[in-house]
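Since we're looking at a predicted model, the values are computed, not measured. Just so it is clear, the values below take in all heavy atoms, side chains as well, and ignore hydrogens, waters and symmetry mates.
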Amino acid sequence: MRPGEAKLSKLFEPARIGRFETSNRIKYGACCVSNYNTRDGYITEREIARMKVIARTGCGIITNQGAYPDPLGEGKAYFRQVAIFDDKFLPQFERIAADIKAHGAVAIQQILHAGRYGGIDLGYCIQPSDVPQTLPHFRPPKVMTKDEIASCIAQHADAAKRAVRAGFDGTEITSFMGYLLANFNSRFTNQRSDEYGGTIANRGRFMRELIDAIKQATPDHPLVVRLNGAELMDRWGGNTEDECFELMQQAVDVGVDMISVTVGWQEAPESSIGRDIEPGYWNYLSARAKKQFPNTLITFGNRLPDPRMADQCLRDGMFDFWEVCRPLLADPELVHKAAEDRLDEVRRCIGSLNCLSRLFRDLPYTCTMNPALGHEVEPEYQVTPAAVKKKIMVIGAGPAGMECAIAAARRGHAVTVFDKADRIGGNLLAYAHNDLARPDDLLSVVSHYEVMARKLGIELRLKTEVHAKFMRSVLHQYDVCVVAAGARVDRTRVAHIEGAERLIDALDVAHGRTKPGRRVVVVGGGKVGLTIAESLRKHHGAEVTVVEADKRIAGDVKPSFKWRHASWVEELGIPCLTNHQLVKVNAEGATVRDAKGGERLVPADSVILAAGAAPAHDLMHEFEWMVDELHGIGDAMVPRGLEQAIADGFRLGVRL
């Protein structure tokens, strides 16, 4: 037994699902779909390579991503979703199932019919009733007839048989995020007057018939159903939590083997899995399910990223299996690190939902914390021993610099990181300290870098500013110089403004180097400006106004988090003057001009400049003739976000 297995003995305890024994109580949950496949539903080598990594995660149960079951594609939610409506798709499913089982896991295939969110290639979607979309990018609805309902159920049963023939041990159907199963279950989208609508018993009829059909088609193979413990759809007249649990009871009554308790729809106006939700917040739902259905397996993992928390939940009887997905996208070694008592090395899922933001733009998903996700098939994304060992200096201990340093050190290079600050982290530290969501998630990135620097023997030279004079003092001591010095607020953009010298640098405020007054104007409604404005308002009680030149705030914020900033601004009472330009700063405050040319004074003690960023190109020019190899990464080249900084650093580090 490995040391971590002894500490987390409940998590690593063998268990059963149906007639199959599992090596532990960890279920890899299908993270929606990857979008790595072909437009006509075939699995690609890119997907096969990703699933090889998943198969080796050490989970006792592994669920393959959702495949749509109908030939028309009414169930298809994403451009590159896999299909399972025909035997022609089976060869790749066979490879995935065989690989999962070869590594000791029970293999489950999810069948995903998107319903209200489907028909991506058709221009319409199918659902129980003619309920208009609340989000404009989804397709207009077409009401299902009884014959179409029967056909849909038969297609699911055929898909389940096909999955078993491909070698999977069982199947899963899902209502998570508001797919077809949820559409029938919910009062919001099911307004039928026949036997499939009305009462909760009638609304659950589709689910019961679906479970029964799959159980009859695959009688010796377990069936999992993912059901909402909370829809979060009260605004639209959705189910209450009590109704959600009544539907779970119906699933239990018709013999489902396992219930995966989930939370939320795509249309829900509340967050369910983002970093603004405290880890463990939804545990009460799984605890209720386990208490109410003691003889049915319950699996759960919403905002439960830590194996230690999961082990304690298992001991407390909150669920039978820890269902984990996004934390394993962030760090596929999570389970092994837990088993080996190396949790301090884990790259934590920070809940930025870059994965969902990409899917919502019909792109293959990626992960902020794992730049290799989706590139597993590409050799150049693998960390391999360096052909020539080099001495590398990295200027900047932010995410880009540290990612590069860690990857290069893992390859065998000798790496020294320089930074003028007294701690690793760069501007991410400042951002985290002002974040209203989960500072601890962002600070975990910094902690990870500190641990890995120590374990890999990376030399840290903090409180050291690197400039031309310094470089001349270490001339020829290093083979490679990597400039990862980040970006600064670009004051040249406002140099023409009267009183520009009064503007306070947003990064100075974020780092705590400058303390603004009680009345503040923040110029720039992007993520930096909004984060500072929200923090000043909530934590310091300042009166804050945001001035933004564009017609909307949060222009550089991920699609899955724009709404959060909008809601914080509203909750905190922060006025946002969009389509306004700064024209003057004086002792009274900031004078701004609207799109029609009208000017007004916004009274303020302090005016903070948070618009525009300038990369550290000057260092690149200064060092060009001082070192054999010179590279630039992250914001030092093009100011962007955390995901791009991490990806830049990793990609350079694995090829140096």
Side-chain angles (χ1 to χ4, degrees), residues 269-278 281 350-354 357 368 425-446 487 489 503-580 582 589-590 592 602-613 639-642:
E270 301 175 49
S271 182
S272 62
I273 55 176
R275 63 183 179 85
D276 54 328
I277 300 296
E278 187 82 13
Y281 180 83
I350 62 173
S352 70
L353 299 186
N354 183 65
S357 293
T368 297
N427 288 333
L428 178 62
L429 265 180
Y431 189 86
H433 288 310
N434 288 275
D435 180 45
L436 295 196
R438 281 279 302 158
D440 183 60
D441 282 324
L442 299 179
L443 291 173
S444 75
V445 182
V446 179
V489 175
L503 289 167
I504 298 173
D505 190 307
L507 294 178
D508 285 340
V509 176
H511 281 281
R513 295 188 290 258
T514 299
K515 185 176 180 180
R518 299 288 296 175
R519 296 183 304 168
V520 178
V521 169
V522 176
V523 181
K527 58 189 172 188
V528 173
L530 289 172
T531 300
I532 290 173
E534 293 154 2
S535 178
L536 289 174
R537 178 66 181 147
K538 183 168 184 175
H539 297 142
H540 303 282
E543 296 177 23
V544 185
T545 300
V546 172
V547 176
E548 170 55 48
D550 287 340
K551 62 182 179 180
R552 294 186 182 89
I553 60 169
D556 60 349
V557 177
K558 284 184 173 63
S560 58
F561 215 68
K562 287 179 185 287
W563 73 274
R564 200 68 187 90
H565 281 293
S567 63
W568 277 328
V569 163
E570 182 178 353
E571 291 166 14
L572 295 169
I574 299 174
C576 292
L577 305 180
T578 55
N579 276 331
H580 278 68
L582 178 68
V592 297
V602 184
D605 306 314
S606 304
V607 182
I608 299 171
L609 180 62
R640 290 157 293 164
L642 179 60

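- The side-chain heavy atoms of Ser271 and Trp563, taken from C-beta on, include a pair separated by under 4.5 Å.
- The side chain to side chain contact (heavy atoms under 4.5 Å, CB included) test applied to Asn434 returns Ala510, Thr531, Ser535, not counting sequence neighbours.
- Between Leu582 and Leu503 there is a side-chain heavy-atom pair separated by less than 4.5 Å.
- Judged as a ring-ring contact (aromatic ring centres under 6.0 Å, His included), not a single pair has a partner in residues 507-549 (not counting sequence neighbours).
- Asn427 and Ala487 get closest at one heavy-atom pair: ND2-O, 3.7 Å.
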Which atom pairs, donor and acceptor, lie under 3.5 Å between side-chain atoms of residues 546-559 and protein residues at least two apart or in another chain?
residue, atom, partner, partner atom, Å
Glu548, OE1, Gly525, N, 2.6
Glu548, OE2, Asp550, N, 2.9
Asp556, OD1, Lys527, N, 2.9

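- Note that CZ of Arg275 and OG of Ser444 are 10.5 Å apart. Values are rounded to the nearest 0.5 Å.
- Listed by chain and residue number, Asp605 satisfy the side chain to side chain contact (heavy atoms under 4.5 Å, CB included) test with Arg518 (two or more places apart in sequence, or in another chain).
- Cys576 and Val569 make their closest contact through SG-CG1, 3.5 Å (heavy atoms, listed as atom of the first residue, atom of the second, distance).
- Crowding of Lys562 atom NZ: a count of heavy atoms from other residues, nucleotides or ligands under 6.0 Å exceeding 12.
- For the pair His433/Leu443, a side-chain contact is recorded, criterion being any heavy-atom separation below 4.5 Å from C-beta on.
- Judged as a side chain to side chain contact (heavy atoms under 4.5 Å, CB included), and not counting sequence neighbours, the contacts of Arg537 are Val544, Leu572, Ile574.
- Between Leu642 and Ile350, some side-chain heavy-atom pair lies under the 4.5 Å cut-off.
- Summarising the geometry, atom CG belonging to Leu577 is positioned 6.0 Å from atom OG1 belonging to Thr545; distances are rounded to the nearest 0.5 Å.
- Trp568 contributes atom CH2, which lies 5.5 Å from atom CG of Asp276 (distance to the nearest 0.5 angstrom).
- The minimum heavy-atom distance linking Val521 with Ala590 is given by the pair CG1-CB, 4.2 Å.
- In terms of modelled atom types and a separation under 3.5 Å, the side chain of Ser606 and the main chain of Val520 share no donor-acceptor contact.
- In this view, Ala506 and Val489, Val528, Ile532, Ile608, Ala610 satisfy the side chain to side chain contact (heavy atoms under 4.5 Å, CB included) rule, not counting sequence neighbours.
- Here the side chains of Arg564 and Leu436 are not in contact, with every heavy-atom distance at 4.5 Å or above.
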Assess the residue pair Asp505 and Thr514 against the criterion (side-chain contact (heavy atoms from CB on, under 4.5 Å)); give the C-alpha distance rounded to whole Å, side-chain angles, the decisive distance to 0.1 Å, and a yes or no. CA-CA 8 Å; Asp505 190 307; Thr514 299; over 6 Å; no

